[in-house]
Amino acid sequence: MSFILYYLLRKFFVELTITPDAIILRRGLVFRRFHTVPLRSVVRVTVRRSILLRIFRAKEAEIFTLNGKFKLFLRRDEDVPAFAKPPAHYIKPRFRETAFGAFIDVRALGGIALFAAVLRRIGTIFGGKYLDNILDALDTAAVNVEHIFSAMQVYVPRTAYVLAVFALAAWAFAYLRKLAALSRFRVGRRGGYVVVTSGLFTLYEHTLVPNSAATVICDSPVSILAKHAPVYLRGVMICPSLNKKSALKLVHILSGERLGKKPKITPPRKAAFGYCAAPLGWGAAFAVLLSFVYISDSLRGAMLLKTALYCGLFVSLYAAAVCLLYIRHSGITFGERLYKVGARRSLRLYTAIFRKDVIVGEELSQSVFQRRSGLCNVKISIAERRSFKTRLLPRDKLR
């Protein structure tokens with residue numbers, strides 16, 4: 001609907017004026033909304049061209065500012081001033097680096113939700129017959145896996161095989177989708193802007209202003225073992241695979257500052273239990289429930305319930321192991337003009353490097369137990385409403 005109103009019927013519903021200093025946008029016919037955005041407040045411009053938009057010689061531009069964002073449709077040859085000229089040279093990573101970046105960027109739960117939504121859309125648009133064929137194929141794959149494990153004398157409820165095959169298919173679909181989005185990846189620099197282009201079916205072009213943003217390295221257990229990780233700027237991947245030394249060089253290029261050899265404040269060994277206390281608690285709860293199931297005569301044969309509890313136990317233990325792995329990579333480094341903060345969120349470790357002058361707030365907190373152990377949590381907020389919180393640091397080492 002937005003494409004029809006704001007592009008095909010643009011002359012009736014949209015009035016767009018682009019000057020060298022600002023973007024003035026008026027939407028609506030009866031109830032009108034006006035947007036006036038000075039170009040100096042723009043921090044990111046993302047241009048998306050899907051197959052449908054290319055047919056109509058159009059593109060969708062999403063403009064991010066210090067206070068929000070908005071979308072508009074432009075003609076293919078219509079550009080935003082100061083963001084239109086491409087870089088003279090691009091850097092192209094190797095395919096294995098792009099594949100690695102796509103692997104790290106994919107989230108398992110997000111992939112399952114996306115795959116379920118796609119299946120639902122297929123059933124809505126093409127009818128239930130196509131959806132049934134896909135579900136039958138997944139069920140057949142689950143039966144084949146069941147036969148393989150049965151030959152190994154491993155017996156698990158069939159529902160568990162179906163869920164496992166569905167989750168694996170969802171992850172594979174999400175990975176291929178991410179890999180297609182990162183295909184033909186190129187990154188370049190023009191003046192003070194970073195330009196990233198990619199895409200196979202849908203084409204993307206991101207123009208980033210790295211003035212007050214944090215350069216973020218996203219780690220998973222795989223990337224820590226491989227000693228390479230993707231690097232992000234303003235939520236956009238600018239390098240799919242870099243080691244830590246190269247990432248620091250990239251930060252120097254973007255910010256003009258060096259971190260230097262400053263000591264890193266990391267959680268001590270006594271903080272290990274605090275880091276994995278939550279997943280260990282869940283694991284203990286699942287273990288107690290499993291014991292109750294085996295003790296109870298009425299629930300002893302409930303194979304599906306046992307499978308669910310075993311899965312919960314294994315996931316909890318895996319989460320605890322990941323938290324322990326992240327301890328020595330977490331912490332804060334206070335440089336002369338740069339800060340480096342390693343903070344865990346869920347099962348990912350984000351290492352943010354930013355200039356000291358973009359900090360808008362610092363918060364130190366302690367629980368009752370932390371006061372006795374001399375530990376504390378540190379939360380640092382930077383411009384554009386982003387914050388990074390690292391936990392269980394020694395209070396006496398913080399300035």
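Since the structure is predicted, the reported quantities are computational estimates derived from the model, not experimental observations.
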| task | Please check if the side chain of R184 supplies one atom and the backbone of G199 the other of a donor-acceptor pair under 3.5 Å. | result | yes
| Does any N or O in the side chain of T390 come within less than 3.5 Å of the main-chain N or O of G342, such that one atom is a donor and the other an acceptor? | yes
| Identified side-chain hydrogen bond (donor to acceptor under 3.5 Å, both in side chains) partner of T46 from the options H206, R234, E62 | H206
| request: Kindly say whether V47 contributes a backbone atom to a donor-acceptor pair with the side chain of R49 at under 3.5 angstrom? | output: no
| query | If only atom types and distance count, is the side chain of S246 paired as donor or acceptor with the main-chain N or O of N243 below 3.5 Å? | reply | no
| query | Hey, what else clusters with L375 if you join Ile, Leu, Val, Met, Phe, Trp, Tyr whenever side-chain heavy atoms sit under 4.5 Å? | reply | Y275, L324, I327, L392
| Should R391 and S330 count as side-chain neighbours, where that means a heavy-atom distance under 4.5 Å? | no
| E78 backbone acceptor or donor facing K59 side chain under 3.5 Å | yes
| Sub-3.5 Å donor-acceptor pair from the side chain of R344 to the main-chain atoms of S346, do we have one? | yes
| field | Minimum-distance pair of heavy atoms, taken over all atoms of Y326 and L347 | value | OH-O, 2.8 Å
| message | Counting only heavy atoms not in R258 (residues, nucleotides, ligands), do more than 12 fall under 6.0 Å from its CZ? | response | no
| query | Any sub-3.5 Å donor-acceptor pair from K249's side-chain atoms to K244's backbone N or O? | reply | no
